[in-house]
A.B. asks: 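Got a structure for you, written out below as structure tokens; questions coming shortly.
Given the structure is predicted, the values throughout are model-derived calculations rather than measurements. These numbers come from the heavy atoms of this one structure, side chains and all, not from hydrogens, waters or symmetry mates. We're numbering straight along the sequence, starting at 1.
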Amino acid sequence: MFKLLALLPLLAPTAGGVLFSSPKIHEGTYNEEHYEIVSGVLTSVKDAYLDATELRIYGSEFDDNAITSISDNAFDSMTNLQSIMISKEVTLTSPDFLPNTVKNLYFTGKTEEFSLNNLSEVVVVHYEACDEGFISKWHAEIREYNDTTVSICDTVSKAQYNEFAELYSNLSYTGDFETVKLYPDTEEFNIGESMKKLADIYSPSSDSKNTEKNMTQSSMIVLILIIAAIGMTSIGLFYVLKDKKVIS
């Protein structure tokens, strides 16, 4: 399971408070700490991480040390690597860099952005994956890169919510759920809180449904009692008028 990585909750509001800079996920040290990088090319993994079973390569949006490509022999010394996350910013032209031990490749972009062909049949590719994948998609499609002037409750459709809800739930498999949940969405809310707002609209909890059902049942009972009371009152009035010979 991927380890949760600390956030940098440092917001930088701009004039009018319309846009703000989301924090880097890893302070720009993750790539530099793990890999040897020459002119943007990942050439090898540093000795301290050669026994790792999981690795990540982040893009420039989330790491200051951008990696643009991977050399074919970058992971030759790794014998335990089982899964790897690769940013959509990394140019992938050949699967030769992947050790045959890798079973899962987590790609942070869309299906159509994945250009790696001839992968081994045992490698499962996951799209828009991990923290970078979700947050990048959130910025591009929900917040239009940090535009916080429009309420997502008015702009996000149910189909769009369902797509994000599935990706959001899948974050638990890569250990990124808490990271994304606490990641700033606006100056006031994090992504987890914004997702909850959307869930309240499009996927209310069973408790809410039961409450609504109970309220509906209570309203019907009250209506029946009112109708019954009106009926009894009308019958009583009828007999009084008849007794007074007001009506025959």
Side-chain angles (χ1 to χ4, degrees), residues 1-3 5 25-26 28-141 159-160 162-177 179-180:
M1 185 64 65
F2 289 109
K3 295 181 179 179
L5 296 162
I25 298 177
H26 308 294
T29 62
Y30 190 90
N31 288 343
E32 182 180 39
E33 178 185 353
H34 286 69
Y35 313 114
E36 297 292 347
I37 306 170
V38 179
S39 300
V41 180
L42 192 164
T43 59
S44 63
V45 178
K46 292 188 176 180
D47 291 346
Y49 301 95
L50 289 178
D51 291 330
T53 59
E54 301 158 342
L55 286 177
R56 294 189 176 201
I57 302 170
Y58 281 90
S60 60
E61 183 180 353
F62 301 96
D63 195 299
D64 294 331
N65 299 286
I67 292 174
T68 57
S69 61
I70 306 170
S71 66
D72 287 347
N73 59 351
F75 303 116
D76 282 357
S77 298
M78 302 192 71
T79 57
N80 298 319
L81 188 62
Q82 297 177 10
S83 62
I84 183 170
M85 186 207 87
I86 301 178
S87 171
K88 62 183 179 180
E89 296 181 16
V90 179
T91 300
L92 302 174
T93 58
S94 168
D96 294 341
F97 71 91
L98 283 176
N100 57 18
T101 54
V102 172
K103 300 296 187 294
N104 289 283
L105 193 159
Y106 295 91
F107 183 66
T108 67
K110 298 177 180 292
T111 307
E112 56 268 26
E113 295 175 291
F114 189 73
S115 59
L116 201 60
N117 299 316
N118 303 318
L119 278 175
S120 167
E121 293 181 358
V122 300
V123 178
V124 178
V125 182
H126 309 266
Y127 300 97
E128 297 173 315
C130 301
D131 44 13
E132 178 180 318
F134 187 96
I135 295 170
S136 179
K137 181 180 177 68
W138 183 271
H139 283 171
E141 299 180 18
Q160 194 173 21
N162 288 337
E163 181 182 6
F164 273 90
E166 181 177 1
L167 291 173
Y168 194 56
S169 64
N170 288 341
L171 292 170
S172 60
Y173 296 113
T174 56
D176 293 301
F177 184 81
T179 300
V180 172

A.B. asks: Taking all atoms of both residues into account, what is the closest heavy-atom pair of Leu50 and Val45, and its distance?
C.D. replies: CD2-O, 3.6 Å
A.B. asks: Nearest 0.5 Å, please: how far is OH in Tyr58 from OG in Ser136?
C.D. replies: 12.5 Å
A.B. asks: Rounded to the nearest 0.5 Å, how far apart are OG of Ser44 and CG of Leu42?
C.D. replies: 7.0 Å
A.B. asks: Answer yes or no: is there a side-chain heavy-atom contact under 4.5 Å between Phe62 and Asp131?
C.D. replies: no
A.B. asks: With the side chain counted from C-beta on, respond yes when Leu119 and Leu98 share a heavy-atom pair under 4.5 Å apart, and no when they do not.
C.D. replies: yes
A.B. asks: Can you find a heavy atom in the side chain of Val125 that is under 4.5 Å from one in the side chain of Leu116?
C.D. replies: no
A.B. asks: Could you tell me if the side chain of Asn65 sits less than 4.5 Å from the side chain of Tyr35, heavy atoms only?
C.D. replies: no
A.B. asks: Quick one: pull up CG in Leu81 and NZ in Lys103 and give me the separation to the nearest 0.5 Å.
C.D. replies: 10.0 Å
A.B. asks: Could you check whether any side-chain N or O of Thr108 sits under 3.5 Å from a backbone N or O of Lys88, counting only pairs where one atom can act as donor and the other as acceptor?
C.D. replies: yes
A.B. asks: Compare every heavy atom of Val102 with every heavy atom of Val122, then report the nearest pair and how far apart it is.
C.D. replies: CG2-O, 4.2 Å
A.B. asks: Answer yes or no: is there a side-chain heavy-atom contact under 4.5 Å between Gln82 and Asn80?
C.D. replies: no
A.B. asks: Can you tell if the side chain of Val180 reaches within under 4.5 Å of the side chain of Ile135, non-hydrogen atoms only?
C.D. replies: yes
A.B. asks: If you measure from CG on Leu92 to CG on Leu105, what distance do you get to the nearest 0.5 Å?
C.D. replies: 7.5 Å
A.B. asks: Start with the C-alpha distance between Phe164 and Glu141, add both sets of side-chain angles, then the distance that settles side chain to side chain contact (heavy atoms under 4.5 Å, CB included), and finish with yes or no.
C.D. replies: CA-CA 10 Å; Phe164 273 90; Glu141 299 180 18; 3.9 Å; yes
A.B. asks: Ignoring hydrogens and geometry, is there a side-chain-to-backbone donor-acceptor pair from Thr68 to Gly40 under 3.5 Å?
C.D. replies: yes
A.B. asks: With Asp96, which residues qualify under side chain to side chain donor-acceptor pair (under 3.5 Å), at least two apart?
C.D. replies: Ser94
A.B. asks: Just do the side chain to side chain contact (heavy atoms under 4.5 Å, CB included) check on Met78 and Leu55 with the steps written out, would you?
C.D. replies: CA-CA 11 Å; Met78 302 192 71; Leu55 286 177; 3.5 Å; yes
A.B. asks: Which atom pair, heavy atoms only, marks the closest approach of His126 to Ala129?
C.D. replies: O-CB, 3.7 Å
A.B. asks: Using 0.5 Å steps for rounding, measure from the CG atom of Asn170 to the CG atom of Asp176.
C.D. replies: 11.0 Å
A.B. asks: Heavy atoms only: give me the nearest Val90-Ser69 pair and the separation to one decimal.
C.D. replies: CG1-CA, 3.8 Å
A.B. asks: Would you please classify the geometry between the His34 ring and the Tyr30 ring as parallel, tilted or perpendicular, with 30° and 60° separating the classes?
C.D. replies: parallel
A.B. asks: What's the separation between atom CD in Glu54 and atom CD1 in Ile84, rounded to the nearest 0.5 Å?
C.D. replies: 11.0 Å
A.B. asks: What class does the angle between the rings of Tyr127 and Phe107 fall in, given that below 30° is parallel, 30 to 60° is tilted and above 60° is perpendicular?
C.D. replies: perpendicular
A.B. asks: Are any of the side-chain heavy atoms of Lys137 and Glu163 separated by less than 4.5 Å?
C.D. replies: yes
A.B. asks: Other residues, nucleotides and ligands only: do more than 12 of their heavy atoms fall within 6.0 Å of CD on Glu112?
C.D. replies: yes
A.B. asks: Arg56 vs Asp63, test: salt bridge (Lys or Arg N to Asp or Glu O under 4.0 Å). Steps then yes/no.
C.D. replies: CA-CA 11 Å; Arg56 294 189 176 201; Asp63 195 299; over 6 Å; no
A.B. asks: Without swapping roles, check the side chain of Glu132 against the backbone of Ser87 for a donor-acceptor pair under 3.5 Å.
C.D. replies: no
A.B. asks: With side chains defined as the heavy atoms from C-beta onward, is the minimum distance between Phe97 and Ile86 less than 4.5 Å?
C.D. replies: yes
A.B. asks: Are the side chain of Ser60 and the backbone N or O of Ala66 linked by a donor-acceptor pair below 3.5 Å?
C.D. replies: no
A.B. asks: Give the C-alpha distance, both sets of side-chain angles, the deciding distance and a yes or no for side-chain hydrogen bond (donor to acceptor under 3.5 Å, both in side chains) between Glu61 and His139.
C.D. replies: CA-CA 11 Å; Glu61 183 180 353; His139 283 171; 3.1 Å; yes
